[in-house]
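Let me begin by presenting the structure, written as structure tokens, before commenting on it.
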Amino acid sequence: MPREPLEAILLVGGKGTRLRPLTLSAPKPLLPTAGVPFLAHQLTRAAECGISHVVLATSYRAEMFAEAFGDGSSFGLSIDYMYEEEPLGTGGGIRNASSRLKGGPEDPVVILNGDILSGHDLPAQVDLHRKRDAAVTLHLVEVDDPSRYGCVPTDGDGRVTAFLEKTPDPVTNRINAGCYVFKRSVIDAIPAGEVVSVERETFPGIIEAGELIMGYDESAYWLDVGTPEAFVRGSADVVLGHMPSPALAGEPGESLVLAGASVAEGAQVSGGTVVGAGSVVETGATVHGSVLFDDARIREGAVVTDSIIGRGAVIEGGAVIEGAVIGDRASIGSGNEVARGLRIWPDVRLEPTSVRFSADV
Ligand code: GTP
């Protein structure tokens with residue numbers, strides 16, 4: 001049966017503070033992920049799932065989105081852009097973007113956080129929403145450690161009964177996965193021009209009013225790429241094919257070497273690593289599970305694992321980078337060890353040294 005065309009709002013206005021310094025020069029949804037801007041993975045999946053019109057709710061570095069995606073025709077989508085001068089939060093951003101929607105009050109609108117990689121069956125979520133005539137239907141996922149998130153209990157019928165803040169003793173390990181289907185009229189009831197959080201205000205308010213919020217449970221591939229560790233994991237998972245994405249150029253494999261990059265014969269590049277355009281990995285260098293932005297240079301004998309190497313950064317032979325972020329144009333001299341959790345700011349130069357950097361000193 002042909003599906004009705006759907007509309008979506010993508011929330012992309014956040015500052016992405018947890019991904020600094022990478023997000024100083026570009027917003028999180030535009031960071032290169034498996035060879036394309038992160039949002040390209042969401043846009044291609046949206047088009048595949050029957051979405052035809054997307055409104056991007058922008059604020060931080062707003063102009064960069066239209067430069068990257070234009071009118072959306074290359075994705076088979078029509079894209080509109082809405083701007084918040086002061087970020088209005090998730091609810092305020094959705095409300096602000098809704099003025100560009102074309103559907104009627106009863107129509108479903110898909111809302112996606114702009115930092116989620118999800119392989120779940122979005123059309124099935126929309127079908128459940130329509131079947132139950134819900135105000136909102138949320139994708140819920142189970143995570144091992146729900147204490148880092150708010151948790152979302154449901155009753156036996158799938159009805160969401162509460163939105164609980166982070167707690168050391170969560171009542172369920174189901175969490176809000178950042179993909180919602182709203183009835184259009186519910187969006188229009190959010191106060192306009194105000195800072196509103198859907199998680200803290202809109203959803204608890206709907207439950208309080210006795211309206212129906214449904215939980216759509218599906219434990220497909222799911223990742224919130226908001227931290228550096230998750231960001232490299234997500235990119236590697238797309239390259240390796242663990243998270244299938246129609247936006248991946250070519251077949252899944254151990255590495256993705258973009259046009260204009262060069263990997264020497266004696267170099268080891270594996271674990272879903274992306275080598276950005278103009279980047280060079282010299283012979284005897286080892287790069288695993290990492291993202292090299294454009295024009296980076298990994299010199300002979302350097303070891304880079306689970307890390308993000310910024311544009312134009314240089315890692316000298318003998319340097320070891322593990323689980324770290326190296327800012328654009330930074331230079332890490334021989335003998336430095338940049339350990340898990342550390343971030344080197346753009347243009348910083350670590351001279352060749354025997355001083356060791358460690359997360360626990
Ligand atoms: P951190 O600062 O690292 O927490 O990242 P973030 O700013 O992206 O915040 P968070 O991860 O909580 O945001 C979830 C999603 O909502 C992301 O896709 C953000 O781009 C988006 N978002 C957050 N705040 C706003 C806002 O005020 N307006 C709009 N339009 N989107 C927002």
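When a ligand or atom number is given, it counts from 1 through the structure's own listing order. Positions are given from 1, in the same order as the sequence printed here.
N176 has its side chain out of reach of Y149: every pair of non-hydrogen atoms, C-beta onward, lies at least 4.5 Å apart.
Under the rule for a ring-ring contact (aromatic ring centres under 6.0 Å, His included), F293 has no partner lying at least two apart in sequence or in another chain.
Using a 4.0 Å cut-off between charged nitrogen and carboxylate oxygen, D306 and R233 do not count as a salt-bridge pair.
For ligand 1, residues of the protein lying within 4.0 angstrom by heavy-atom distance are L11, V12, G13, G14, K15, G16, T17, R18, K28, A57, E84, P87, L88, G89, T90, N113, G114, D115.
The aromatic rings of F203 and Y180 lie perpendicular to each other, with more than 60° between the two planes, well past the 30° mark.
Within a 6.0 Å radius of CD in Q268, other residues, nucleotides and ligands contribute 12 heavy atoms or fewer.
With ring centers used as reference points, F65 lies 6.0 Å or more from Y81.
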